[in-house]
Amino acid sequence: MDDVERLVAIEEIKQLKARYFRCMDTKDWAGFEAVFTEAAVMDMAEEAGDVVHGAAEIAAYVRGHVDPVVTVHHGHMPEITLTSSSTATGIWAMEDVLRWPEGGPLGAMHGFGHYHETYERVHGEWQIATLRLTRLRRDVEPAG
Amino acid sequence: MDDVERLVAIEEIKQLKARYFRCMDTKDWAGFEAVFTEAAVMDMAEEAGDVVHGAAEIAAYVRGHVDPVVTVHHGHMPEITLTSSSTATGIWAMEDVLRWPEGGPLGAMHGFGHYHETYERVHGEWQIATLRLTRLRRDVEPAG
Amino acid sequence: MDDVERLVAIEEIKQLKARYFRCMDTKDWAGFEAVFTEAAVMDMAEEAGDVVHGAAEIAAYVRGHVDPVVTVHHGHMPEITLTSSSTATGIWAMEDVLRWPEGGPLGAMHGFGHYHETYERVHGEWQIATLRLTRLRRDVEPAG
């Protein structure tokens, strides 16, 4: 890849991750599923003990956890590296702010950490292939 | 536009939006007005019931609301799309943190949402043509 | 520099600043020192009355202040300007969230401000040459 192709890919991956966040927080679950490769793996082992396989399963898993929750997820300071013309790695700083409705398992959560990701270009479109979340800090308010 | 022209435009629009935030939070009202096209429209209907027309009027409106307020506005995860060589659309995740002085209408506000924007290139410089704010969450502390 | 060289430099400087934040928050002090030029200057006069000279001294200074502290530092909305093929300036909005361990000088701190920076390309790699922090707001909780 030349410099321009690399810069275009980096910008496309940034916009891909933007859709990941926006679709989760606006509960656009079809849009959310579309950011992942069919065989994507979401590693939430540190967070919740779970490793989820498959775009449809990831969307169902996340929807099951946060559909009724007011969620805010922001990503910052991407470090995206192209490893070939159709593969890339990325690290993102993140912050999330969640508030559960009455009767939820928690009251609120405010966290910070990093996403460690890989990407693949499938039929010309970048998608998230693997995602692993590590935490710097996680403050939880119990259900009231 | 070729890829390089498109990437240059996207970077210029990101820096335009950076000036929007920095000028508001440092109360540089001349710099703030300069980020908008002369006929710009700021749609704060969801936020405050207001739709403001014109760069000078937008700057006066925002200044009237936040000049004495300690404000922090951050933008995240831009999705900028060029629709021609001189027009573009953008979505930005946002967070704002406000603290009013003694005697203000509120004590504090902490919010999250998205800006939905359009941009125009006027005399070679990108400016914000329209801006609409939608909210995910808005936490308010009454005046103490 | 042509447009492509300028865009590549801007992306490299964004990833440089990403390493600054990630290495500080994950306490990777060798990685942190490597983001600075040998003669770098960190101006924390407004923050703490200190101006620190030299990459090794900066890393030791920051490590001395935050090694046992749970820290989160995020940067936003970069305004990076190339001033030659090997020098650049940048402004970044920032937020930091700190929590000291038992017995620390403070309990917690939550702040917002701007970094005002310059960069130099040394042996092909961009590094931070000068850094100055200004604040919009700083909320402190005393040690409990």
Side-chain angles (χ1 to χ4, degrees), chain A residues 1-18 21-22 46-47 72-83 85 88-98 108-119 126 131-141, chain C residues 1-28 31-32 34-35 66-78 80 90 92-101 107-112 115 117 124-126 128 141:
Chain A
M1 300 183 94
D2 66 20
D3 281 342
V4 175
E5 290 168 325
R6 205 165 50 83
L7 289 168
V8 168
I10 289 173
E11 177 62 25
E12 288 176 353
I13 290 169
K14 289 177 182 173
Q15 297 207 18
L16 166 73
K17 190 65 180 173
F21 286 119
R22 181 171 52 79
E46 181 183 324
E47 183 78 4
V72 179
H73 290 80
H74 288 160
H76 310 302
M77 305 305 302
E79 298 174 72
I80 293 164
T81 305
L82 273 288
T83 48
S85 63
T89 65
I91 305 174
W92 292 82
M94 65 84 73
E95 174 174 6
D96 53 350
V97 183
L98 285 76
M109 200 272 282
H110 189 180
F112 305 91
H114 292 92
Y115 291 105
H116 306 260
E117 303 187 328
T118 62
Y119 310 97
W126 287 97
L131 176 163
R132 182 170 59 88
L133 177 59
T134 58
R135 288 286 188 182
L136 291 171
R137 175 171 171 172
R138 203 161 167 274
D139 300 337
V140 171
E141 286 176 33
Chain C
M1 301 182 95
D2 66 21
D3 281 342
V4 174
E5 290 168 326
R6 205 165 50 83
L7 289 168
V8 168
I10 289 173
E11 178 61 27
E12 287 177 354
I13 291 169
K14 290 177 182 175
Q15 297 206 19
L16 166 72
K17 189 65 180 173
R19 289 195 301 277
Y20 166 92
F21 287 118
R22 180 171 53 79
C23 291
M24 181 165 17
D25 290 341
T26 61
K27 318 304 180 194
D28 171 359
F32 185 74
V35 304
V66 305
D67 204 29
V69 183
V70 178
T71 63
V72 179
H73 291 79
H74 289 159
H76 310 302
M77 305 305 302
I80 294 165
W92 292 82
M94 64 84 73
E95 174 173 6
D96 53 350
V97 183
L98 285 76
R99 186 176 56 203
W100 276 264
M109 201 272 283
H110 189 181
F112 305 90
Y115 290 105
E117 303 188 327
E125 300 287 327
W126 287 98
I128 300 173
E141 286 176 33

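Sequence lines set the chain letters: A, B, ... in the order given, protein chains first and strands last, and positions in each chain run from 1. Here the structure is a predicted model, which means the values were calculated and not measured.
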Does any backbone or side-chain atom of His74(A) lie under 4.5 Å from a heavy atom of chain C? Answer side chain, backbone, both or neither.
neither
Below 4.5 Å, heavy-atom pairs only: which of Thr134(A), Leu7(A), Val4(A) has the largest tally toward chain C?
Leu7(A)
Do Lys17(A) and Tyr115(A) form a cation-pi contact, if we require the NZ or CZ to be under 6.0 Å from the six-membered ring centre and within 45 degrees of the ring's axis?
yes
Bottom line for Leu136(A): the part with an atom under 4.5 Å from chain C's heavy atoms is both
Please report the interatomic distance OG1(Thr81(A)) to CD1(Ile91(A)), rounded to the nearest 0.5 Å.
7.5 Å
Taking the six-membered ring for Trp, are the ring centroids of Phe112(A) and His114(A) within less than 6.0 Å of each other?
no
Using the ring of each side chain (for Trp, its six-membered ring), is His73(C) parallel, tilted or perpendicular to Phe21(C), with breaks at 30° and 60°?
parallel
